[in-house]
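Here is the structure we will look at.
Both backbone and side-chain heavy atoms feed into the values below; hydrogens, waters and symmetry mates do not. A, B, ... follow the sequence lines: proteins, then strands. Residue 1 opens every chain.
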Protein chains: 2
Amino acid sequence: MNKSELKVISVLERVGGFASAQQLHQLLLRSGESIGLTSVYRALQSLSDDKIVDQLRKEDGEAIYRLCGESHHHHLVCKSCGSTVEIEGSALEKWAKAMAQEHGYREVGHLAEIFGICPKC
Amino acid sequence: MNKSELKVISVLERVGGFASAQQLHQLLLRSGESIGLTSVYRALQSLSDDKIVDQLRKEDGEAIYRLCGESHHHHLVCKSCGSTVEIEGSALEKWAKAMAQEHGYREVGHLAEIFGICPKC
DNA sequence: CTTGAAAATGAAAATCATTTTCATTTCTGC
DNA sequence: GCAGAAATGAAAATGATTTTCATTTTCAAG
């Protein structure tokens, strides 16, 4: 576990959810760390190999990462103004777990977001 | 529905499963069709917008496409081999609707995928 | 059958996340 | 301190996808 990996883990802890390599790099720079984008990619790759972070893909193909096993929440995002509300997802968790079990999948995670137009817009 | 889209649909029918844009382009050329890679991408984009093909991502970020199965559904994706299972999401729909209503959101849509490791891997 | 505007087409250039290269710096154990 | 190994990051390379733009095709109206 080298310096870059420690830095990346710490910023992932701060973020608490999914983020892309480029976002994480920006966050690290903004918080005063000195680290190259290359090292962020290398750290994420290595952490992913070691099952310390989950990696998946957004619809546009960009990779996003988060700490494994982190308890997480979901977002309700306004399509118009972009404001977000954190929402509770136990029903969703149950659904995901049931579906995965039904098909024999292990090490299960999920990604879910709800979009709509908020009351103000 | 233009010529390119028809050609792409026909090759997708022939393939019967997922294939990348580049693979589809090669297959079309090999079977004697004259079509540019650009047009393959454009056709896939348009067919995807029209919900005629499903688009998703391999682990390496490359997009793969196939003719849509029937109704609105979600995917259970294997992080290791990329195989997917279409799953039923009525529990998810209910959750999304309830959460949106609770916060006064309108015109609601959602995005959800479950990922894990399939029984074979 | 013309004509002209709109749609379609594709080659080449641009984009952009990610990976690779490679020269330099930092650790390590001795 | 010192040699070799590991880590680092800037810059170049890669590769899928998108955009640009000039050309071709389609097709309805005259």
At under 4.0 Å between heavy atoms, what does [X] touch on the DNA or RNA strands: base, sugar-phosphate, or nothing?
X: B:Gln22; value: base
X: B:Ser46; value: nothing
X: A:Ser20; value: nothing

Selection from [options] that lies nearest to any side-chain heavy atom of [X]:
X: A:Glu62; options: C:dA17, D:dT8, D:dT17; answer: C:dA17
X: B:Tyr41; options: D:dT8, D:dT18, C:dA17; answer: D:dT18
X: A:Arg42; options: D:dG9, C:dA17, C:dT9; answer: D:dG9
X: A:Asn2; options: D:dA7, D:dG9, C:dA11; answer: D:dA7

Take atom [atom1] of [X] and atom [atom2] of [N], then tell me their distance rounded to the nearest Å.
X: B:Ile64; N: D:dG15; atom1: CD1; atom2: P; value: 19 Å
X: B:Ile35; N: D:dT25; atom1: CD1; atom2: P; value: 15 Å
X: B:Lys3; N: D:dT24; atom1: NZ; atom2: P; value: 15 Å

Residue closer to the 5' end of DNA chain D, A:Ser39 versus B:Gly61 (nearest nucleotide): A:Ser39
Reference residue B:Ser90; test side chain to side chain donor-acceptor pair (under 3.5 Å); the match among B:Lys94, B:Glu93, B:Glu88: B:Glu88
Where A:Gln55 and A:Ser48 come nearest, the two heavy atoms and their spacing: OE1-OG, 3.6 Å
Note: B:Glu86-B:Arg66 ion pair, threshold 4.0 Å (strictly below): yes
Side-chain heavy-atom pair B:Met1, B:Leu6 within 4.5 angstrom cut-off: yes
